[in-house]
Amino acid sequence: MASVGPSAASTQPALPSGPAVFKTIPYAFILPEIVCGTWVWILVAATSVSLPLLQGWVMYVSLTSCLISLLLLLSYLVGFHKNSENWKVLDSLYHGATAILYMSAAVLQANATINSELSPDGPLNYQLNSAASFFAFLTTFLYILHAFSIYYQ
């Protein structure tokens, strides 16, 4: 006689809610993503924008991603997901797509940094653009880590 084992849904780890979000590995990346993304748009906003099309895209990606990640974090803290499996798929797709968008923004910001090195605006503008490039690539890495750790969970 065959024994009935636990269902596949019960072997999946539960989605965290409340303060446990900050202690669970894939979901603990959300706060650093928000902080680093905020630094990207603050640093780009502090520069004298010489390439508005390039840095406009960087601002759009960083600000939009920061706000959506903040909403996602708040929904996890409140427990809005109700431990639904669809939230893992949504979270993985969001972070994967955002990682791709952030990679494009980071490359464009690095290009703006290279162009600002030659501009007469001074070294402060170059240093701000360099810091924004660093945080853009760091944020990209955090989004990639989050997407893959949820996918392989």
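Any value given below was found using the heavy atoms of this structure, including those in side chains, with hydrogens, waters and symmetry copies removed.
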Does the [X] side chain pair with the main chain of [Y], one donor and one acceptor, at a distance under 3.5 Å?
{"X": "Asn125", "Y": "Thr47", "answer": "no"}
{"X": "Thr98", "Y": "Ser65", "answer": "no"}
{"X": "His146", "Y": "Leu142", "answer": "no"}

Could you check if a side-chain atom of [X] sits within less than 4.5 angstrom of a side-chain atom of [Y], using non-hydrogen atoms only?
{"X": "Asn129", "Y": "Gln55", "value": "yes"}
{"X": "Tyr102", "Y": "Phe137", "value": "no"}
{"X": "Ser75", "Y": "Leu72", "value": "yes"}

Open item on the list: Please find the pair of heavy atoms, one from Gly96 and one from Ala147, that lie closest to each other, and give the distance.
Closed with: N-CB, 3.6 Å
Open item on the list: Tell me the closest heavy-atom pair linking Met59 and Trp41, and the distance in Å.
Closed with: SD-O, 3.5 Å
- [ ] Evaluate the criterion side chain to side chain contact (heavy atoms under 4.5 Å, CB included) for residue pair Gln109 and Val44; output intermediate values, then yes/no.
- [x] CA-CA 9 Å; Gln109 181 58 38; Val44 171; 3.4 Å; yes
- [ ] Answer yes or no: are there more than 12 heavy-atom neighbours, outside Phe141 itself, under 6.0 Å from its atom CZ?
- [x] no
TODO: Check each of Ser62, Cys66, Ser69 against Thr38 using the side chain to side chain contact (heavy atoms under 4.5 Å, CB included) test, and report the only one that passes.
DONE: Cys66
- [ ] Give a yes or no on whether Tyr143 and Leu71 share a hydrophobic cluster (residues Ile, Leu, Val, Met, Phe, Trp, Tyr; joining criterion: side-chain heavy atoms under 4.5 Å apart).
- [x] no
